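Note sheet for the following structure.
These figures come from a predicted structure and were not determined experimentally.
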Amino acid sequence: MATFSQSTVDKGSDSIIDFCCSPCLEHKIDQWAEFYCDNCQYFYCAKCVTPHGQLFGKHVTYGRGDTSKWPASKEVQDFLLKCDLHEDKHLEMYCNDHSQLCCTNCAFLNHRLCKKVTLISESARGPLPDLQQLSRKIQTILEEVKKLENHCNTNMLTLQASYDKLLDEIRDTRQTINIILDKIEKNTIQELDDKMTSLKASIKTDLDNCIKLKNELKQLSGAINDIIDKGKAELTFIASKKCLEEVKQSETYLKENSVQVESSLTFQADGDVQQYLSRLSGLGKTVLSTKKILVFRDQALTIHGKSEYDVSLPSESVRNCSIIAICVLSDDEILVADILNKRVKLLNHQYQVVGHCDLTNWPWDMCTITPSEVAVTMYQNETYGEVQFVSVNGGQLVKGRKLQFQHKCIGIAHNLQDLYLTSGTALYKYSMKGALLNKVYEDTSGRCTALFSKCAVSPSGDKIFVTNREHHKVLTLATDGTVLHTFTDPDLQTPDGIHVTDLGQVLVCGRLSWTIIQLDGEGKKKLATLASKRDGLAQPWSVYFNRSTASIIVGQYGTKKILVFKVK
C-alpha cells in the first residue's frame with residue numbers, strides 16, 4: 001500500500017496533505033505525485049506515469065481530479081490507527097462487549113475477561129458505515145461547539161467587564177472612606193483648636209491682670225519713695241490710703257490665685273473606631289452572581305407574550321419617537337437611539353427612561369463597543385458623517401470622542417478592534433481610531449444613495465450581514481467582500497434593522513412588511529416570521545435580543561412605544 005506523503009504547510013495549521021511520487025522517492029527525489037494506480041498502489045508524477053502506462057497499459061490511473069479514489073495519507077492513517085491510551089501502539093482489535101477499539105496492551109490489560117474480542121479486520125467485514133452521514137453529524141456538532149465557544153468568549157468579556165467595574169467600585173469605596181476620615185480628622189482638629197483658643201484666652205486674661213497689678217504696684221511704690229521725708233502731710237495721707245487699698249486688693253487677688261493650675265492638652269483616641277477598623281478584613285465582599293441564560297441552537301425562536309413601554313420624555317417637543325437603534329449592555333442597561341428627538345436614552349430594567357444625552361445630529365444606528373460604551377452613527381449630510389461614542393457612568397450617559405468621515409454614515413457594527421460602517425452604497429472597514437482599512441463591498445445599482453441600511457457581524461467575525469432596503473434583501477458577506485449568500489422573502493419588505501445574537505441567530509426588521517424574521521446563522525434561509533402586524537408591529541426599525549431576560553426588544557417608526565416580546 002502506498003504510504004508516502006508529506007504536508008505542504010507547517011504542522012499545527014489546517015494542513016493540506018500531498019503525496020510524493022513513489023519511483024522518485026525510491027531515488028531520494030521529492031516530487032509531488034499527480035496520479036495514483038490502484039493496481040500497483042503506487043503514486044506517479046507526470047514524468048513517471050508515462051513509462052508506467054507503457055508497461056501496464058491495462059492499469060487505470062486516477063489523477064488529481066479523482067483524489068477520492070486515492071488512498072488515505074500516511075498522516076491520516078497514523079492518526080486513525082493510533083491508540084488513545086498507548087500512543088506507541090496501533091489499534092488492532094475491537095471489543096464487542098464494550099464497543100471499544102483496542103491495541104494489544106488494551107486487550108490484555110482491560111479486556112481479558114471480555115467474551116468477544118476480535119481482530120479489526122474481522123469486525124470490519126460486512127456493510128461499511130456511512131461516513132458521509134457521520135461527517136455531516138460532526139459538522140453539525142462543530143457548529144454547536146463553535147456557538148458554545150462564542151458564548152464562552154462573550155461570558156469572558158462580561159466577566160472581565162464586571163471585574164473592571166468592581167475595581168472602580170472598590171477604589172470609589174476607598175475614596176469615600178478617605179473623605180469620611182478626612183472629615184472626622186477635620187472635626188477633631190477643630191475641637192482641639194477651639195479648646196486651645198479658649199484656654200489661651202483664659203490664661204491671657206490672668207496674665208493681663210498680673211501685668212496690670214504689677215504696674216500699679218510699681219507706680220505706687222515709686223510715688224511713695226518720692227514723697228518720703230518731704231513733709232507733705234496731704235500727699236503722705238493720700239499715698240498711705242492708696243497704698244493700703246492696693247495692698248488689700250493685691251492680697252485678695254494673690255489669695256484667690258494661691259493655687260496655680262498648669263494647663264496642657266492630651267488626646268484620647270476613639271478605641272471603638274480603631275478596633276472596628278482592625279477587625280475588618282476588607283472594604284466589602286465580592287459576591288458571585290449567576291443567572292441562567294436560555295441558549296437556543298438552530299431552532300427558530302418562539303414568541304410568548306408581548307409588552308409595550310413608553311420611552312418618551314415629557315420635555316420633548318416632538319411627542320412621537322422613532323427608535324432607530326437598540327443596544328443592551330452588560331448590566332442589562334438598555335440604550336435606545338431616538339432619531340426624531342436626536343437623543344440616546346437610557347432605560348432601566350423596567351424599560352423606564354432614567355437618563356438621556358442629546359446629540360448634535362440625527363442618529364441612524366448604534367452598536368456596542370465595550371460593556372459600558374456604544375458608538376452611534378449620526379447623519380450630517382450626504383457627503384459627511386459622524387460617529388459619536390457614548391458611555392454609561394454611574395447611571396448617567398456621557399458623550400465621549402467623535403469621529404468624522406468623508407461619507408454618509410448609516411449602519412455600524414463592531415468586531416474586536418474594527419468598525420464596519422455603511423454609507424448607503426458601500427460597506428467600509430475602519431480602525432477604532434477612524435483610519436480606513438478597506439472598502440469591503442460596494443453596490444451603486446440603486447436609484448437612491450441609501451441602498452444599504454444596517455449591518456451586523458457574526459459572533460465569530462467571519463461574516464457581515466447587510467440589509468439592502470431598495471432591493472428587499474439581506475446580503476451575507478465574507479470579510480473580503482465576497483457575497484456568500486443573498487436572502488429574499490415575501491415577508492421581508494424594505495429590510496432595515498438587523499441584529500445577530502451571541503449565538504449567531506440573525507434577526508431582521510421588515511419595515512414596510514411590518515415583520516420581524518429570523519434567519520439561520522449563514523443568512524441563507526428563513527427560520528421563522530417571529531412577529532407581524534397582527535402582533536402589534538408598525539414599521540419596525542430596530543431589533544435586539546436580550547439574552548439575560550430572553551426577550552426581543554423592537555423599536556418602531558413614529559411611535560413613543562417600544563415592544564418587548566418574551567421568548568421561550
Side-chain angles (χ1 to χ4, degrees), residues 150-169 172 287-294 309 311 323-338 343-359 363-378 387-402 411-420 432 454-457 459 497-503 505 507 542-555 562-565 567:
N150 292 334
H151 172 70
C152 291
N153 287 331
T154 302
N155 195 20
M156 185 69 73
L157 292 175
T158 302
L159 182 62
Q160 183 63 45
S162 67
Y163 171 82
D164 295 338
K165 184 176 181 180
L166 286 184
L167 277 182
D168 292 337
E169 290 180 0
D172 290 343
V287 180
L288 174 62
S289 298
T290 60
K291 51 187 175 184
K292 293 182 179 180
I293 298 173
L294 292 177
Y309 300 93
V311 294
I323 305 304
I324 199 167
I326 303 170
C327 283
V328 179
L329 301 183
S330 61
D331 284 343
D332 288 342
E333 295 166 315
I334 304 165
L335 273 66
V336 297
D338 183 351
R343 282 175 173 167
V344 174
K345 301 176 181 179
L346 175 64
L347 312 182
N348 61 15
H349 296 179
Q350 289 74 43
Y351 304 96
Q352 298 170 328
V353 181
V354 294
H356 71 275
C357 68
D358 294 331
L359 303 174
W364 278 98
D365 199 9
M366 179 169 58
C367 72
T368 303
I369 301 298
T370 71
S372 61
E373 185 182 40
V374 298
V376 186
T377 56
M378 296 190 299
V387 171
Q388 174 71 63
F389 290 84
V390 179
S391 60
V392 179
N393 187 359
Q396 300 294 322
L397 293 181
V398 180
K399 289 191 291 186
R401 62 194 179 100
K402 184 187 292 184
I412 186 169
H414 172 249
N415 179 59
L416 298 178
Q417 294 301 312
D418 298 325
L419 280 178
Y420 290 94
M432 288 299 295
K454 308 293 182 61
C455 59
V457 183
I498 187 168
H499 169 64
V500 181
T501 71
D502 295 332
L503 294 175
Q505 298 127 324
L507 308 180
S542 53
V543 61
Y544 199 98
F545 177 67
N546 187 352
R547 64 191 182 100
S548 63
T549 59
S551 58
I552 295 174
I553 308 171
V554 179
I562 60 171
L563 301 180
V564 179
F565 296 94
V567 176

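- Partners of Ser551 under the side chain to side chain contact (heavy atoms under 4.5 Å, CB included) rule, at least two apart in sequence or in another chain, are Tyr351, Asn546, Thr549, Val564, Lys566.
- Nearest heavy atoms, Lys454 versus Gly497: CG-CA, 3.8 Å.
- Remark: His349 NE2 to Ile334 CD1 distance equals 7.0 Å, nearest 0.5 Å.
- Leu416 meets the side chain to side chain contact (heavy atoms under 4.5 Å, CB included) test with no other residue; sequence neighbours excluded.
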* With side-chain contact (heavy atoms from CB on, under 4.5 Å) as the test, would you mind laying out the steps for Tyr163 and Leu167 before giving the verdict? => CA-CA 6 Å; Tyr163 171 82; Leu167 277 182; 3.4 Å; yes
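- Under the side chain to side chain donor-acceptor pair (under 3.5 Å) criterion, Thr501 pairs with Gln505, sequence neighbours left out.
- Between Leu347 and Leu335 there is no side-chain heavy-atom pair separated by less than 4.5 Å.
- Heavy-atom minimum distance, Pro363 versus Val376: CB-CG1, 3.7 Å.
- For the ring-ring contact (aromatic ring centres under 6.0 Å, His included) test, residues two or more places apart in sequence or in another chain that qualify with Tyr544 are His499.
- Here the straight-line distance linking atom NZ of Lys399 with atom CG of Leu359 works out to 6.0 Å at 0.5 Å rounding.
- Residues satisfying the side chain to side chain donor-acceptor pair (under 3.5 Å) test with Gln352, not counting sequence neighbours, are Asn348.
- Here the closest non-hydrogen pair linking Val500 and Pro459 is CG1-CD, 3.7 Å.
- Not counting sequence neighbours, Asn415 has no partner by the side chain to side chain donor-acceptor pair (under 3.5 Å) test.
- Checked against side chain to side chain contact (heavy atoms under 4.5 Å, CB included), Gln417 has the following partners two or more places apart in sequence or in another chain: Met432.
- Applying the 6.0 Å contact sphere to CG of Asn393 captures no more than 12 heavy atoms from other residues, nucleotides or ligands.
- Shown here are the salt bridge (Lys or Arg N to Asp or Glu O under 4.0 Å) partners of Asp164, two or more places apart in sequence or in another chain: there are none.
- In this structure, Gln388 CD and Cys357 SG are separated by 7.5 Å, a value rounded to the nearest 0.5 Å.
- When every heavy atom of Ile562 is checked against every heavy atom of Gly555, the shortest pair comes out as CG2-CA, 4.5 Å.
- Considering only residues two or more places apart in sequence or on other chains, Ala375 meets the side chain to side chain contact (heavy atoms under 4.5 Å, CB included) condition with Cys367, Ile369, Val387, Phe389, Ile412.
- In this structure, CG on Leu397 lies 8.0 Å from OG on Ser391, to the nearest 0.5 angstrom.
- Across all their heavy atoms, Leu346 and Gly395 have their closest contact at CD2-O, 3.4 Å.
- Heavy-atom minimum distance, Ser542 versus Ile323: OG-O, 2.9 Å.
- Scored by the salt bridge (Lys or Arg N to Asp or Glu O under 4.0 Å) test, Lys165 finds Asp331 as partners (sequence neighbours excluded).
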